[in-house]
Structure formats: structure tokens, C-alpha cells
Amino acid sequence: MEGERTVSSLFPRDHGRSTWTDVICLRAYSNFRGSINIHSPMTHLKKKYLDGHCRSIGGMDTVILFDFDHTLIDCNSDPWVVNQLGATQLMNSLMRVLPWTSLMDRMMLELHQQGKTVGDIEQSLKTIPVCLEMIRAIKSAHSLGCDLRIVSDANSFYIKTILENYDLLQYFSEIHTNPASVDNDGRLRIFPYHSYTVAAHGCELCPANMCKGAIVDDIQRSFLPESKKRFIYLGDGRGDFCPSLKLGSEDHVLARQEYPLWKLLGQNPDLVKAQVHSWSNAKDVEDCLSKLLMP
């Protein structure tokens, strides 16, 4: 139909990142190692915006999916490590020629060749702050019976190290991310979530290494229909748009204001079924989850 907009026509496929699968703690896969501004695009979603009017959905039947970089933590963990350990110049020079996950794996090689150890990487990761309000939100949601999971384009080593540093790993039942492991030479290796050749996801909305929408599909299918699970998805980036479209009218998306996800949701309101809430900082997340979850 003339003028009809489909998901695949929203923007061209992004080849700027790479692909494997990692669900640390509980799951393993065969193919891997290891507010609203009236002048903003979100005006189109004003009927879906419930900020300040959140209806409680309870905790026991709720699954909360967290993105990691710029969501659970207030930075991007990849450049954080590279910048702290002195390899920023090389990363900037390779950024336009390598997919992101391949770039990060290459940067781990560079750091290894410079004599940096896995311990140095761990110490850098432990300097990444996690906001107190986010920590409280995680613990509160877990105490109410929510099933907390992470769906992230970071990597398993980074996420696990940061969560363990704040004693938060125990609150998450699954972590879906790019797998990472230390090889026999003591070098940290980072691999893509979906294999380019073995199990390419084929989604035109997502980077080649990871379709978060496919991950959300799998999570939703893992529950029996009669369980009537409701989902809350927290994110900020372009890669969080596809999974947001997988949610239904009883679900919620918490999109970080002025970030790509927030803008894409505002530009494509007809594609969005879930109820959308904006947030700018961890306190906003804590407040919104409290309103949604408290009985």
C-alpha cells in the first residue's frame, strides 16, 4: 500500500557491529564460547505516555529486561576501559572499518600487546559507577518477585565484573550478551552474540552481531501463555528499538529521554503497542518502577 511504512523500511541495515550468544549464569548455546516535550518526536506518543500515572502491574508476574550501557550503568563500558588503559587513539582509527564487537576484540589484543592484563581490565571496570537509585530499583524489584534479566550488546566479562563489584549479580536470572573469555595467553577475547555464518539473525533493525528482538522473542516463548507474564523493557539505544516492538499493550518500555530509542519510538508510534515512559536518570527509573510495581 502506498505510503505504508514497514519495520524493514525504517532505516537501512546497520553493518557497524558484529555476532555469538552469551547467557551467563543459567544458559549456554551451542554456537558460542563461552517527560514529554510538545516539540519533540515523542509528542506522537503522548497518549501512551503514563509518566506520573503509572498503574501498578505487580511484581510476581513481571519480567524486567535491562539494557546495560547507558541504562543500568550511566556510561558505555567499552570505551571506558579502552580510554582508561590508554588505547583511545587506535580505537578511534579503527572505529570506521571494524564492526563494534570485532573492534572491541581487537582492542583487547592491543591492550594485551601493551602488557595490560585481565586484572588491569577488571580494575578499570570496577571504577565504573552504578547509581544508588539504580541499585535500589534493582533490589526492590527483585524483592517484589520480579524476574530480572539483562539484554545487552556489551559482553559477559564486563557485565559480570561490574555486577559482582556491586553485589548485584545475584538479582539477575539471565544475562544475554556477547560472550567473552580469557584465552590461554591471558588475553580477553570478545565474540559476537549471533554468528554471521552459522545463525545470522537477518533482522534489518539490529546490528549484525545481536538482534535483541529475537532474544525477547525467545524469552517470551519460554513462558506458557497462561502464565500471562508482563514485560518491562529499559533501554536507550537504537538496538533497543526492535525488542520494544515485541511487547504488547500490557507491557511497558522505559526509554531514556533524548537517546536513540526515545527518538525512534516517537518517530514510529504506529509500530509501538507497549506503554511508553521516559526517563533521564536513575532516580526516574526508580520512581517509575516503584509506581508500576507497588501493590
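No donor-acceptor pair closer than 3.5 Å links the side chain of Asp67 to the backbone N or O of Ser152. Checked by atom type and distance alone, the side chain of Asp236 never pairs as donor or acceptor with a backbone atom of Tyr259 at under 3.5 Å. A donor-acceptor pair under 3.5 Å is absent between the side-chain atoms of Asp120 and the main chain of Lys116, judged by distance alone. For Asp251 (side chain) and Gly248 (main-chain N/O), a donor-acceptor pair under 3.5 Å exists by modelled atom type. Counting only distance, with no hydrogens or angles, the side chain of Trp80 and the backbone of Ser124 share a donor-acceptor pair below 3.5 Å. In this structure a side-chain-to-backbone donor-acceptor pair under 3.5 Å is present from Gln275 to Ser249. When atom types are taken as modelled, the side chain of Asp183 and the backbone of Gly186 share a donor-acceptor pair closer than 3.5 angstrom. Formation of a donor-acceptor pair under 3.5 Å by the Trp279 side chain with backbone atoms of Leu254 is found in this model. Under a 3.5 Å cut-off, the side chain of Ser227 and the backbone N or O of Leu224 do form a donor-acceptor pair. Listed for the Arg256 side chain is a donor-acceptor partner under 3.5 Å among the backbone atoms of His70.
At a threshold of 4.5 Å between non-hydrogen side-chain atoms, the residues Leu265 and Phe241 count as touching. Proximity of Phe157 to Ser181: side-chain heavy atoms (C-beta onward) are nowhere separated by under 4.5 Å. The shortest distance between side-chain heavy atoms of Lys273 and Leu247 does not fall below 4.5 Å. Leu65 is not listed as a side-chain neighbour of Pro243, based on a closest heavy-atom distance of 4.5 Å or more. When side chains are defined from C-beta on, Asn281 does not count as touching Cys131, because their heavy atoms never get closer than 4.5 Å. Counting only heavy atoms from C-beta outward, the side chains of Pro99 and Thr101 never approach each other to under 4.5 Å.
Summarising the geometry, atom OG belonging to Ser102 is positioned 10.5 Å from atom CZ belonging to Phe191; distances are rounded to the nearest 0.5 Å.
A pairwise comparison of heavy atoms in Cys203 and Cys211 identifies CB-SG, 3.7 Å as the closest pair. Ser143 and Ser140 make their closest contact through OG-O, 2.7 Å (heavy atoms, listed as atom of the first residue, atom of the second, distance). The two residues Ala154 and Asn178 make their nearest non-hydrogen contact at O-ND2, 2.8 Å.
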If you apply the rule ring pair (Phe, Tyr, Trp, His ring centres under 6.0 Å), what do you find for Phe68 with Tyr158, and how did you get there? CA-CA 10 Å; Phe68 195 71; Tyr158 282 22; 9.1 Å; no
Applying side chain to side chain donor-acceptor pair (under 3.5 Å) to Glu174 and His176, what does each step give before you reach the verdict? CA-CA 6 Å; Glu174 294 182 353; His176 302 257; 2.7 Å; yes
In sequence, state the C-alpha distance, the side-chain angles, and the governing distance for Lys283 and Asp287, and then conclude on salt bridge (Lys or Arg N to Asp or Glu O under 4.0 Å). CA-CA 6 Å; Lys283 182 62 168 61; Asp287 290 345; 2.8 Å; yes
For the pair Phe66 and Arg149, evaluate side chain to side chain contact (heavy atoms under 4.5 Å, CB included) and give the outcome as yes or no after the intermediate values. CA-CA 6 Å; Phe66 290 79; Arg149 308 181 186 207; over 6 Å; no
Please tabulate, for side-chain N and O atoms in residues 105-113, each donor-acceptor pair with protein atoms closer than 3.5 Å (sequence neighbours left out).
| residue | atom | partner | partner atom | Å |
| --- | --- | --- | --- | --- |
| Asp105 | OD1 | Arg189 | NE | 2.9 |
| Asp105 | OD1 | Ile190 | N | 3.0 |
| Asp105 | OD2 | Arg187 | NH2 | 3.3 |
| Asp105 | OD2 | Arg189 | NE | 3.4 |
| Asp105 | OD2 | Arg189 | NH2 | 3.0 |
| Glu110 | OE2 | Gln114 | NE2 | 2.8 |

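The ring pair (Phe, Tyr, Trp, His ring centres under 6.0 Å) search around Phe223 returns none, not counting sequence neighbours. Residues passing the side chain to side chain contact (heavy atoms under 4.5 Å, CB included) test with Pro79 are Asn76, Asn83, Met91, Trp100, sequence neighbours excluded. Remark: Asp217 engages Lys246 in a salt bridge (charged side-chain N to carboxylate O under 4.0 Å, His left out) (not counting sequence neighbours). Scanning for salt bridge (charged side-chain N to carboxylate O under 4.0 Å, His left out) contacts around Arg96 gives an empty result, with sequence neighbours left out.
Between the side chains of Thr177 and Asn155, no donor N or O sits under 3.5 Å from an acceptor N or O. Asp240 and Tyr233 form a side-chain donor-acceptor contact under 3.5 Å, judged by distance and modelled atom types alone.
Put simply, Leu163 and Leu132 are part of two different groups of oily side chains (I, L, V, M, F, W, Y) that touch within less than 4.5 Å, one to the next.
Applying the salt bridge (Lys or Arg N to Asp or Glu O under 4.0 Å) definition to pairs two or more places apart or across chains, those involving residues 121-146 are Arg136-Glu286.
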